Q: 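Below: one structure in structure tokens.
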Amino acid sequence: MRIHHDWKALPLDARGATVAMGNFDGIHLGHRSVIDAARAACDAPLGVITFEPHPRQFLVPATPPFRLMNAESRANRLARLGVDHLYELPFDAVLAGLSPEDFAREVLVGGLGVRHVTVGADFHFGHKRAGDAQTLARLGRDLGFGTTVAPLIGDGEVEYSSTAIRKALAEGRSRDAERMLGHWHRIDGEVLHGDKRGRDLGYPTANMAVEGLHLPRFGVYAVLVDVLTGADRGSYKGVASLGVRPMFGENRPNLEVHIFDFAADLYGQHLSVALVEYLRPEARFDSLDALVAQMDRDSQGAREILATR
């Protein structure tokens with residue numbers, strides 16, 4: 001998958017795609033239906049148009065972290081879906097100020113040369129969200145590109161949405177989130193240097209930052225881990241702690257991942273960590289021995305849960 005960070009001066013072979021357009025936070029099954037509709041719309045390379053930062057981050061910068069995915073995680077997921085081109089458009093004052101008509105003319109036609117555009121039924125675009133899916137269809141007829149409006153989907157009980165997935169994750173309901181996503185919720189990023197306490201306790205961990213993300217319920221999870229870069233690239237199983245490490249008086253959330261039966265150095269490598277099942281909340285222990293005993297139980301529980309994965 002090729003990633004383009006602007007709509008201007010694209011090479012000829014990056015133009016003329018059939019594209020799905022939206023924020024695609026989480027890339028849940030509703031998003032998948034939009035992407036699949038774009039794929040089926042015409043015989044052309046498959047593209048996804050999205051925005052970085054998320055428009056809400058730019059327009060309301062004081063909003064609490066809400067994203068299910070960072071840009072790296074979103075790109076990794078879209079590549080797995082067979083997308084040829086990711087148009088990660090910079091959402092800035094220029095883009096935010098374009099009317100729906102100017103966005104369609106300058107960005108979609110002039111910049112990307114799209115053949116077809118697919119959006120969800122609740123899509124809005126342009127200055128102050130003035131345009132909707134019907135606006136896009138009208139502009140497509142005027143400017144020469146096809147349009148598909150994909151219906152919203154759900155399971156009869158809940159409409160699949162990023163909001164519903166955030167709620168499930170905040171409550172520790174990883175499997176409910178997976179049902180709506182169509183895949184495990186993942187946290188992707190670089191392995192950072194930590195304080196190395198886990199190594200001293202017999203549980204070395206890969207530490208990852210979670211700033212800017214909507215945080216699932218703090219606690220311990222059974223996890224599946226993909227090492228995406230480096231000599232140890234591959235898929236593994238493990239246990240992870242998400243939170244502020246109350247035992248050690250920390251206050252900045254992070255993700256600490258212990259990979260089973262693994263001893264290599266992962267500093268600087270990139271991981272994708274799937275939260276499979278919530279095991280327990282964070283806790284403070286009376287001693288390090290009590291902490292290690294609980295870590296032993298957590299690891300055994302995670303191994304049992306992941307035995308068939």
Side-chain angles (χ1 to χ4, degrees), residues 22-34 50 52-57 60 63-78 80-81 120 122 152-189 205-226 237-246 250-258 270-283 298 301-302 305-306 309:
N23 291 316
F24 298 107
D25 187 28
I27 313 185
H28 54 66
L29 289 174
H31 297 145
R32 287 277 299 272
S33 73
V34 176
T50 189
E52 190 62 35
H54 190 292
R56 193 193 310 177
Q57 287 178 278
V60 192
T63 190
F66 64 90
R67 289 180 65 156
L68 292 168
M69 305 182 137
N70 58 23
E72 177 181 348
S73 185
R74 181 176 59 197
N76 289 340
R77 176 56 53 180
L78 290 171
R80 293 182 187 211
L81 296 179
D122 58 351
L152 304 179
I153 66 170
D155 61 5
E157 296 181 6
V158 63
E159 181 182 290
Y160 297 147
S161 70
S162 299
T163 299
I165 293 163
R166 290 186 196 103
K167 184 175 187 295
L169 291 170
E171 295 172 355
R173 295 186 285 112
S174 298
R175 293 185 184 273
D176 287 344
E178 187 270 340
R179 178 171 51 84
M180 292 181 277
L181 286 164
H183 55 85
W184 298 113
H185 176 66
R186 288 179 173 269
I187 296 174
D188 292 11
T205 58
N207 296 278
M208 298 167 61
V210 292
E211 280 86 1
L213 296 177
H214 167 81
L215 294 179
R217 186 181 180 187
F218 284 179
V220 177
Y221 291 82
V223 297
L224 297 173
V225 183
D226 289 342
K237 299 174 182 180
V239 62
S241 175
L242 174 66
V244 295
R245 294 170 287 179
E250 305 286 347
N251 58 18
R252 175 179 292 182
N254 80 333
L255 182 67
E256 294 183 293
V257 184
H258 173 68
H270 285 247
L271 306 187
S272 179
V273 181
L275 306 184
V276 174
E277 188 159 317
Y278 185 79
L279 298 177
R280 64 170 177 85
E282 281 195 304
D298 294 337
I305 289 167
L306 299 172
R309 300 290 172 186

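Since the model is a prediction, treat every value here as computed from it, not as a measurement.
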Q: Return the set of residues passing side-chain hydrogen bond (donor to acceptor under 3.5 Å, both in side chains) with Arg280 (not counting sequence neighbours), or none when no residue passes.
A: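 Once residues adjacent in sequence are excluded, the partners of Arg280 under the side-chain hydrogen bond (donor to acceptor under 3.5 Å, both in side chains) criterion are Asp298.
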Q: With side chains defined as the heavy atoms from C-beta onward, is the minimum distance between Glu178 and Leu181 less than 4.5 Å?
A: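 Side chain of Glu178 against side chain of Leu181, heavy atoms only: no contact under 4.5 Å found.
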Q: So, using side chain to side chain contact (heavy atoms under 4.5 Å, CB included) as the criterion, who are the partners of Pro65 when residues are at least two apart?
A: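 Residues passing side chain to side chain contact (heavy atoms under 4.5 Å, CB included) with Pro65: none at all.
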Q: Output all residues satisfying ring pair (Phe, Tyr, Trp, His ring centres under 6.0 Å) with Phe218, sequence neighbours left out; order by chain, then residue number.
A: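 Listed in chain order: nothing, the list is empty.
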Q: Within the structure provided, determine whether Arg80 and His183 are in side-chain contact (heavy-atom separation under 4.5 Å).
A: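 Not touching, per the 4.5 Å side-chain cut-off.
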Q: Using a 3.5 Å distance criterion without hydrogens, assess whether the side chain of Asn70 forms a donor-acceptor pair with backbone atoms of Asp188.
A: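 Answer holds: yes.
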Q: Calculate, to the nearest 0.5 Å, the distance between atoms CG and OG belonging to Leu152 and Ser161 respectively.
A: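 That separation rounds to 9.5 Å.
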Q: What's the separation between atom CG in Leu242 and atom CG in Asn254, rounded to the nearest 0.5 Å?
A: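 Between atom CG of Leu242 and atom CG of Asn254 there are 8.0 Å.
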Q: Say you draw a straight line from CZ of Arg67 to OG of Ser73; how long is it, rounded to the nearest 0.5 Å?
A: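 The CZ atom of Arg67 sits 9.5 Å away from the OG atom of Ser73.
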Q: Check for a donor-acceptor pair, side chain of Thr205 on one end and backbone N or O of Val257 on the other, with a separation under 3.5 Å.
A: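 Checking the backbone N and O of Val257 against the side chain of Thr205, no donor-acceptor pair under 3.5 Å is found.
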Q: Is any side-chain heavy atom of His258 closer than 4.5 Å to a side-chain heavy atom of Ser241?
A: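 With C-beta onward as the side chain, the pair stays apart.
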Q: If we only count heavy atoms from C-beta on, is the Leu29 to Asp155 side-chain gap below 4.5 Å?
A: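 No, too far: nothing below the 4.5 Å cut-off.
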Q: Can a donor-acceptor pair be found between the side chains of Arg56 and Thr63 at a distance below 3.5 Å?
A: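 Thr63 and Arg56 do not have a side-chain donor-acceptor pair below 3.5 Å.
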Q: Evaluate the criterion side chain to side chain contact (heavy atoms under 4.5 Å, CB included) for residue pair Leu279 and Val239; output intermediate values, then yes/no.
A: CA-CA 9 Å; Leu279 298 177; Val239 62; 4.1 Å; yes
Q: Where is the tightest heavy-atom contact between Gly22 and Thr50, given as atom of each residue plus distance?
A: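 Minimum heavy-atom separation between Gly22 and Thr50: O-OG1, 3.0 Å.
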Q: Which heavy atom in Leu275 sits nearest to a heavy atom in Pro216, and how many Å separate them?
A: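 Shortest heavy-atom separation between Leu275 and Pro216 comes out as CD1-CG, 3.8 Å.
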Q: CG/Leu255 to CG/Asn207 distance, rounded to the nearest 0.5 angstrom?
A: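 That separation rounds to 8.5 Å.
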Q: When you measure from the side chain of Arg186 to the backbone N and O of Ser272, does any donor-acceptor pair fall under 3.5 Å?
A: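 Yes, the answer is positive, given that a donor and an acceptor are paired below the 3.5 Å cut-off.
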Q: Only distances under 3.5 Å count here; give the side-chain donor-acceptor pairs of residues 163-171 to other protein atoms, sequence neighbours excluded, each with its distance to 0.1 Å.
A:
residue, atom, partner, partner atom, Å
Arg166, NE, Phe66, O, 2.6
Arg166, NH2, Asp25, OD2, 3.2
Lys167, NZ, Glu171, OE2, 2.8
Glu171, OE1, Arg173, NE, 2.8
Glu171, OE1, Arg173, NH2, 2.9

Q: Ignoring hydrogens, what is the shortest heavy-atom contact between Ala222 and Ile305? Give both atom names and the distance.
A: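 Taking every non-hydrogen atom into account, CB-CG2, 4.3 Å.
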Q: Report the C-alpha distance between Leu224 and Lys237 in whole Å, list the side-chain angles of each, state the deciding distance to 0.1 Å, and finish with yes or no for side chain to side chain contact (heavy atoms under 4.5 Å, CB included).
A: CA-CA 5 Å; Leu224 297 173; Lys237 299 174 182 180; 3.9 Å; yes
Q: With sequence neighbours excluded, tell me which residues meet side-chain hydrogen bond (donor to acceptor under 3.5 Å, both in side chains) with Glu277.
A: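 Per chain and number, Glu277 pairs via side-chain hydrogen bond (donor to acceptor under 3.5 Å, both in side chains) with Arg175.
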Q: When you look at Val158 and Asp176, which way does the side chain to side chain contact (heavy atoms under 4.5 Å, CB included) test go after all the steps?
A: CA-CA 11 Å; Val158 63; Asp176 287 344; over 6 Å; no
Q: Is there a side-chain contact between Tyr221 and His185 in this structure, where contact means two heavy atoms from C-beta onward sitting under 4.5 Å apart?
A: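 In short, these two side chains do not touch, never coming nearer than 4.5 Å.
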Q: Once you round to the nearest 0.5 Å, how far does CD1 of Ile187 lie from CE of Met69?
A: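 Nearest 0.5 Å value for the CD1-CE distance: 11.0 Å.
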Q: So, for Ala274 and Trp184, which heavy atoms are closest and what is the spacing to 0.1 Å?
A: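 In this case the closest contact between Ala274 and Trp184 is CB-CB, 3.5 Å.
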Q: Excluding sequence neighbours, so at least two apart, what forms ring pair (Phe, Tyr, Trp, His ring centres under 6.0 Å) with His28?
A: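 Checked His28 against ring pair (Phe, Tyr, Trp, His ring centres under 6.0 Å); matches are His31.
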Q: In Å, rounded to the nearest 0.5 Å, how long is the span from CG of Asn23 to CG of Leu68?
A: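 One finds 11.5 Å between CG of Asn23 and CG of Leu68.
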